[in-house]
Protein chains: 2
Amino acid sequence: MPEGEKEITIYDIAARLNVSAATVSRGLKDHPRVSKATKKLIIKTAEEMGYRSNSFASNLRKKQSNVIGVIVPRLNSSFMADVLAGIEKVVNNNNYNLFISQSLESMQKEASNARAMLNSRVDGLLVSVAYDTANFDHFEPFIKRNIPVIFFDRVFDHESCPQIYIDNYKAAYDITGHLIKQGCKRIVHITGNQLRNVYSERFRGYKRALEENNREFDNGLVIINDLSSKAGTEAAAEILKMSPLPDGLFVANDICAVSCMQALKKEGINIPNDIAVAGFNNDPTSCVIEPNLTTVNYKGYEMGEVAAKLMINHLVDKYDLQETHSLILRSELIIRESSLRNGDGNVD
Amino acid sequence: MPEGEKEITIYDIAARLNVSAATVSRGLKDHPRVSKATKKLIIKTAEEMGYRSNSFASNLRKKQSNVIGVIVPRLNSSFMADVLAGIEKVVNNNNYNLFISQSLESMQKEASNARAMLNSRVDGLLVSVAYDTANFDHFEPFIKRNIPVIFFDRVFDHESCPQIYIDNYKAAYDITGHLIKQGCKRIVHITGNQLRNVYSERFRGYKRALEENNREFDNGLVIINDLSSKAGTEAAAEILKMSPLPDGLFVANDICAVSCMQALKKEGINIPNDIAVAGFNNDPTSCVIEPNLTTVNYKGYEMGEVAAKLMINHLVDKYDLQETHSLILRSELIIRESSLRNGDGNVD
């Protein structure tokens with residue numbers, strides 16, 4: 001039964017219970033001078049009447065909403081689901097709630113989300129930046145107000161904000177080296193927006209591995225797209241037109257690698273014998289595609305835990321964020337049939 | 001440079017600009033009596049100083065935060081990502097922001113999320129309930145305060161809350177009928193918690209199709225688990241122990257169906273000849289597994305759009321929610337190789 005539009009106050013609760021407003025206020029704050037029975041009655045009545053604690057006014061004093069905001073590019077990857085599960089675990093154990101919003105890969109929407117998070121008075125913000133985020137302006141109000149901002153995975157370089165990521169350079173260097181050891185001479189690399197550390201670092205690792213193995217870098221073998229499933233199908237068409245046909249393929253994520261493999265298989269390409277393929281992320285699909293996809297195991301859950309712990313340490317234990325600039329997490333190469341030409345599992 | 005812990009007020013902005021607080025207040029509200037140049041300066045200074053509009057106080061008057069809250073069980077399915085993308089589109093087009101939280105399938109956490117959403121003064125709440133949600137208590141405060149609550153997919157029956165879902169009964173009835181037409185005589189059904197409409201309705205459709213085709217319902221062929229990937233592998237072990245071996249399998253989601261298929265294939269079971277398999281959701285993995293999985297195309301994006309439109313119609317155009325109780329969306333059967341024994345694609 002709606003009680004109309006009026007905000008319920010402690011005075012309304014007091015009137016209903018025939019006690020003083022001061023008693024209601026004390027009861028809601030668990031004050032020792034109010035008896036247990038009265039406290040229980042006050043809390044029950046407050047809930048029944050739809051009373052909301054005056055979080056704004058009390059936030060002005062306590063500076064706390066017990067909500068941590070998260071802004072991520074998209075919610076459609078298994079990796080991001082894992083990261084969020086890791087964040088949730090730590091945050092919930094510390095009695096915080098998580099509000100998640102997605103930038104849909106747009107800086108403009110990221111800025112709008114940040115504004116809404118600021119207005120709803122989150123205690124801290126965890127961010128993995130959008131595809132096209134080019135500046136920090138929309139995060140400045142947080143820094144000005146001492147609200148901690150921590151970047152994870154897709155990070156932005158700012159002196160006040162710690163960054164948590166994996167060594168994308170090394171992982172890409174290792175996986176490209178593995179393809180070279182399998183005998184690949186012309187390795188295509190499919191990657192995303194080079195503004196983003198995760199993609200530019202993987203690109204750098206790919207290049208470095210070629211150099212060290214005396215393979216010439218050929219810009220004609222690099223395809224930059226949005227790494228979606230659709231983009232993978234289109235990239236396959238591009239690869240099939242290359243002459244001579246490449247014999248290796250390293251894609252900067254599994255979703256795109258899997259759809260590309262499916263399209264190549266349809267055209268009669270044998271994987272790994274004609275083209276050896278490697279992806280990135282260890283998405284569950286990488287174990288469903290046949291042959292199973294060689295990839296980099298990117299520990300999303302762990303990354304979420306680490307980011308959330310850093311946030312909680314700062315909020316609860318007043319740990320100084322400035323002392324941590326970067327936290328680099330381990331990742332691991334997982335060799336599967338899509339790149340194994342010797343068939344003996346021996347990569348070295 | 002942090003400016004300390006103090007909340008910035010219009011008085012601080014006024015002092016900085018050497019104008020009256022009234023001018024700052026009017027400037028921030030786009031009042032016609034303030035010149036464009038002054039407005040611009042006020043807004044720029046407000047942003048620089050980290051001023052946050054007093055959303056609480058103004059909400060008391062306007063009753064608006066321009067944020068819509070969403071509570072979902074988990075963020076780790078392609079279906080849920082589609083739903084959220086559909087919601088985002090509609091909500092953003094109407095200048096609302098979306099805050100998403102996950103219940104992790106626990107009613108207790110769902111209640112905690114609801115409380116945080118209420119305290120942050122969302123304008124409306126979209127909910128798909130947790131695995132074990134057994135009552136409506138945690139949503140009552142929203143109803144009391146006239147904040148609209150709309151259920152989608154996993155719905156809860158309440159007179160004040162519209163529900164949006166697909167006809168799970170009919171979809172399951174159709175897909176079971178299809179397996180029967182393929183010659184299946186002993187069809188295993190793997191499903192989830194029967195408290196949830198989506199699973200109990202699919203179970204009911206399965207049973208009804210058996211009855212209408214004079215197949216006896218056998219409770220020994222029903223496996224209830226959490227429909228995870230791991231549960232699919234375990235279910236395969238259970239199926240392999242059944243004697244005689246079943247010849248059909250209908251799983252209430254694709255994730256579980258795919259892992260079950262993989263485990264059955266490993267043990268030498270031919271799909272579809274030994275066991276014909278069907279899933280539910282049209283998850284992208286259903287097109288990666290070999291043979292491709294027969295499934296129900298569950299239009300998540302459309303469901304999200306419909307739910308968000310109903311919410312926006314109510315919030316913006318004051319459309320009465322009470323008039324809509326249920327919106328049932330269409331789904332479609334997608335027949336693929338995992339269940340096609342005739343090999344000619346002719347199902348009828």
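Lettering follows sequence order; numbering is per chain, from 1. This is a predicted model, so every value here is computed, not measured.
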- prompt: What's the spacing between B:Asn76 CG and A:Leu75 CG if we round to 0.5 Å?
  reply: 11.0 Å
task: Pick one of side chain, backbone, both or neither for A:Lys89, based on which atoms fall under 4.5 Å of a heavy atom in chain B.
output: neither
task: Could you check A:Asn97 against B:Ser112 for side chain to side chain donor-acceptor pair (under 3.5 Å), going step by step and ending with a plain yes or no?
output: CA-CA 8 Å; A:Asn97 277 290; B:Ser112 165; 3.1 Å; yes
- prompt: Atom CG in B:Asn113, atom CD in A:Glu88: separation rounded to 0.5 Å?
  reply: 7.0 Å
statement: Highest number of heavy-atom pairs under 4.5 Å with chain A among B:Ala81, B:Ala116, B:Pro141, B:Pro284 belongs to B:Ala116
task: Please state whether the side chain, the backbone, both or neither of A:Asn92 comes within less than 4.5 Å of a heavy atom of chain B.
output: side chain
task: Answer with side chain, backbone, both or neither: which region of A:Leu98 has an atom nearer than 4.5 Å to a non-hydrogen atom of chain B?
output: backbone
- prompt: Which region of B:Leu104, side chain (C-beta onward) or backbone (N, CA, C, O), has a non-hydrogen atom less than 4.5 Å from a non-hydrogen atom of chain A, or is it both or neither?
  reply: side chain
query: Any idea which heavy atoms bring B:Met49 and A:Lys144 closest together, and the distance?
result: C-CD, 4.0 Å
- prompt: Where the side chain of B:Gln262 meets the backbone of A:Cys287, is there a donor-acceptor pair that is under 3.5 Å apart?
  reply: yes
- line: Separation between OG (B:Ser101) and CG (A:Leu84), nearest 0.5 Å, reads 11.5 Å
task: To the nearest 0.5 angstrom, please state how far the OG atom of B:Ser120 sits from the CG atom of A:Asn66.
output: 12.5 Å
task: Identify which of B:Arg115, B:Met261, B:Lys109 forms the greatest number of heavy-atom pairs closer than 4.5 Å to chain A.
output: B:Lys109
query: Checking B:Val288 against chain A: side chain, backbone, both or neither under 4.5 Å from a heavy atom?
result: both
